[in-house]
Amino acid sequence: MTEPVAAPAPAPAPAATVVLLRPGPDGAEVLLIHRPATMAFGAGLHVFPGGRVDPDDAEPAPPDHPSAVAAAAARSLGDNVAPDEALAIHRGALRELQEEAGIALEGIDRLVPIAHWTTPSFMPRRFSTWFFVADLPPHAEPVFAADEVAAHRWVTPPRALDQVASGEIQMWVPTTSVLQRLIETEAVTAGEVARRITFGRTPPPRILAENPVEVRFAFGAVGGLPGRTGESTLIGARQLVLVDPGDPSDAALGLIEQVVERRHGEISAIVLTRTDPDHAAAAEALAIPLELSILVAPGAGRYLPYATREVGDGDRLPTDIDVRIRLDPPGSGRLEIVAG
């Protein structure tokens with residue numbers, strides 16, 4: 001009997017979202033909007049203003065400097081998309097911010113890229129979303145579209161993550177990861193983000209080394225940052241543990257799946273030695289379809305918007321070789337993997 005062939009994942013549609021910043025008494029605040037429960041995508045979540053790039057966003061560039069404007073837009077995205085597409089993405093971000101929050105920004109250079117995320121392949125609706133940071137113009141006040149925004153709040157990134165941890169609000173991983181990135185960079189303006197985060201061209205994922213019980217991968221968009229390189233490791237012969245899957249791109253996830261299939265193996269768990277985006281960005285996308293546990297050091301999963309399982313010093317990993325956890329140091333939220 002012939003097994004049914006799985007339908008290919010839908011191609012992700014281009015989308016853009018804007019992290020709006022303003023000064024507050026306790027530091028920079030971001031604008032979060034609460035999506036109504038009636039929304040078809042992300043219902044009930046707290047997100048940044050944004051949405052799908054429309055065909056009208058791809059109209060020709062201004063006649064005075066058409067190629068220069070589009071080329072600059074592409075450079076800001078690490079030259080990972082064609083100039084015309086990059087220009088449409090920037091325009092889509094500006095349009096969505098105005099339509100959803102009533103904030104008009106003049107000039108594409110007001111947008112500073114901070115992340116790129118693609119909806120996982122198991123989701124029925126997929127988007128290739130570019131995240132931008134922009135400063136709230138002086139004296140501007142957001143005005144929201146009632147059918148797209150149930151409520152809103154201005155909040156510092158640390159406070160927003162505390163609200164996620166307490167269950168007060170819900171977010172998806174890309175949103176919490178961008179908040180973590182703002183905390184990491186200590187940026188309070190879009191200009192500071194631009195000085196501390198630069199996109200580069202994303203290299204294809206590759207295998208660095210492989211032996212019967214370990215595969216080391218090199219990825220080129222860890223933490224949702226195009227051009228930022230990092231490593232991940234697959235440990236075990238057939239019963240495998242994946243360590244630090246930090247690149248959420250389709251290419252990175254596809255290479256991991258190819259290696260697991262080639263080795264006739266099965267991933268039994270995901271381990272995060274750190275829970276920052278560079279180490280953890282792809283963990284949930286891999287865990288959900290495979291129904292995997294995500295293992296973290298005690299207390300390390302507080303700001304992750306999904307369930308984790310804490311491990312202790314000396315715990316053995318669920319793989320077919322003897323490797324164990326060492327907390328580094330205890331209480332730090334970090335762990336190492338060592339031979340048993």
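Basis for what follows: all heavy atoms, side chains included, without hydrogens, waters or symmetry-related copies.
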Legend entry - Val155 vs Glu29, side chain to side chain contact (heavy atoms under 4.5 Å, CB included): CA-CA, chis, key distance, verdict: CA-CA 5 Å; Val155 61; Glu29 298 175 337; 5.9 Å; no
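- Hydrophobic clustering places Leu290 together with Val259 (ILVMFWY residues linked when any side-chain heavy atoms are closer than 4.5 Å, directly or through intermediates).
- Pairs passing the salt bridge (charged side-chain N to carboxylate O under 4.0 Å, His left out) check and including a residue from residues 291-302, sequence neighbours excluded, read Asp162-Arg302.
- Note that the CZ atom of Phe132 and the CD atom of Glu96 stand 12.5 Å from one another [nearest 0.5 Å].
- Contacts of Asp322 classified as salt bridge (charged side-chain N to carboxylate O under 4.0 Å, His left out), with partners at least two apart in sequence or in another chain: Arg316, Arg324.
- Once rounded to the nearest 0.5 Å, the distance linking CG of Leu295 with CG of Leu272 reads 8.0 Å.
- By the side-chain contact (heavy atoms from CB on, under 4.5 Å) test, Arg334 is found to be paired with Arg274, Pro329, Ser332, residues two or more places apart in sequence or in another chain being considered.
- The shortest side-chain heavy-atom distance between Gln163 and Met171 does not fall under the 4.5 Å cut-off.
- Using a distance-only test at 3.5 Å, with no hydrogens or angles considered, no donor-acceptor pair links the side chain of His152 to the main chain of His34.
- Between the side chain of Glu100 and the main chain of Gly50, a donor-acceptor pair closer than 3.5 Å is present.
- Using a 4.5 Å cut-off between side-chain heavy atoms of Ile, Leu, Val, Met, Phe, Trp and Tyr, with links allowed through other members, Leu317 and Leu234 fall into different hydrophobic clusters.
- Taking the side chain as every heavy atom from C-beta outward, Trp130 and Ser76 never approach each other to under 4.5 Å.
- Without hydrogens or angle criteria, Asp247 side chain to Ala221 main chain gives a donor-acceptor distance under 3.5 Å.
- Taking both residues in full, the closest heavy atoms of Leu253 and Pro248 are given as CD1-O, 4.0 Å, listed atom of the first, atom of the second, then distance.
- Listed by first then second residue, pairs satisfying side-chain hydrogen bond (donor to acceptor under 3.5 Å, both in side chains) with a partner in residues 197-221 read Asn80-Thr202, Glu210-Arg262, Glu210-Arg263, Arg216-Glu231, not counting sequence neighbours.
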Inset, instruction - List the steps, then state whether side chain to side chain contact (heavy atoms under 4.5 Å, CB included) holds for Leu77 with His90. - result: CA-CA 10 Å; Leu77 302 184; His90 281 74; 4.0 Å; yes
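- For the pairing with Leu255, the side chain to side chain contact (heavy atoms under 4.5 Å, CB included) check across Pro204, Pro205, Ser249 returns one residue only, Pro205.
- Below 30°, between 30° and 60°, or above 60°: for Phe131 and Phe48 the angle between ring planes is above 60°, a perpendicular geometry.
- Looking at every heavy atom in both residues, Arg238 comes nearest to His264 through CD-O, 3.2 Å.
- Looking only at distances, no side-chain donor or acceptor of Arg110 sits under 3.5 Å from a matching main-chain atom of Leu105.
- The closest side-chain heavy-atom distance from Ile169 to Arg153 is below 4.5 Å.
- Between the side chain of Ser268 and the backbone N or O of Leu240 there is at least one donor-acceptor pair closer than 3.5 Å.
- Ion pairing of Arg126 with Asp250 is present here, as a side-chain N (NZ or NE/NH1/NH2) and a carboxylate O approach within less than 4.0 Å.
- Nearest heavy-atom pair across Ala86 and Val81 is CB-CG2, 3.6 Å.
- The minimum heavy-atom distance linking Ala269 with Pro318 is given by the pair CB-CG, 3.7 Å.
- Looking at Val178 and Val30, their side chains never come closer than 4.5 Å, going by heavy atoms from C-beta outward.
- In Glu168, the CD atom is crowded: over 12 heavy atoms of neighbouring residues, nucleotides or ligands sit closer than 6.0 Å.
- Counting heavy atoms from C-beta on, the side chains of Trp172 and Leu45 come closer than 4.5 Å.
- Counting only heavy atoms from C-beta outward, the side chains of Ile183 and Leu161 approach each other to under 4.5 Å.
- The backbone N or O of Gln239 lies less than 3.5 Å from a partner atom in the side chain of Thr319, making a donor-acceptor pair.
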Inset, instruction - Show your working on side chain to side chain contact (heavy atoms under 4.5 Å, CB included) between Arg196 and Glu186 and close with a plain yes or no. - result: CA-CA 9 Å; Arg196 296 167 190 177; Glu186 300 181 338; 4.0 Å; yes
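- Side-chain atoms of Thr233 and Phe217, non-hydrogen and from C-beta on, never get closer than 4.5 Å to each other.
- Taking Ser177 as the reference, Trp117, Val173, Gln180, Pro277 meet the side-chain contact (heavy atoms from CB on, under 4.5 Å) condition, with sequence neighbours excluded.
- Asp313 contributes a side-chain N or O that, together with a main-chain N or O of Leu327, makes up a donor-acceptor pair within less than 3.5 Å.
- Annotation for Val143: hydrophobic cluster partners, listed by chain and number, are none (ILVMFWY side-chain heavy atoms under 4.5 Å, direct or chained).
- A side-chain donor-acceptor contact under 3.5 Å links Ser232 to the backbone of Val243.
- The structure places OG1 of Thr273 at 6.0 Å from CG of Leu335, a figure rounded to the nearest 0.5 Å.
- Once rounded to the nearest 0.5 Å, the distance linking CG of Asp320 with CD1 of Ile235 reads 11.0 Å.
- The shortest non-hydrogen separation linking Leu32 to Ala160 is CD1-CB, 4.0 Å.
- Checking side-chain atoms of Asp315 against main-chain N and O of Ile325 turns up no donor-acceptor pair under 3.5 Å.
- The main-chain N or O of Val296 is never found under 3.5 Å from a side-chain atom of Thr308 such that the two would form a donor-acceptor pair.
- Taking OG1 of Thr189 as the reference point, atom CG of Leu136 lies at 13.0 Å (rounded to 0.5 Å).
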Inset, instruction - Run the numbers on Ile197 and Val112 for side chain to side chain contact (heavy atoms under 4.5 Å, CB included), then give the verdict. - result: CA-CA 9 Å; Ile197 294 178; Val112 175; over 6 Å; no
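- Contact of the Ile108 side chain with the Leu94 side chain is registered, since non-hydrogen atoms from C-beta on lie closer than 4.5 Å.
- Asp84 CG to Ile89 CD1: the interatomic distance, rounded to the nearest 0.5 Å, is 11.0 Å.
- The two residues Ile103 and Pro137 make their nearest non-hydrogen contact at CG2-CD, 3.9 Å.
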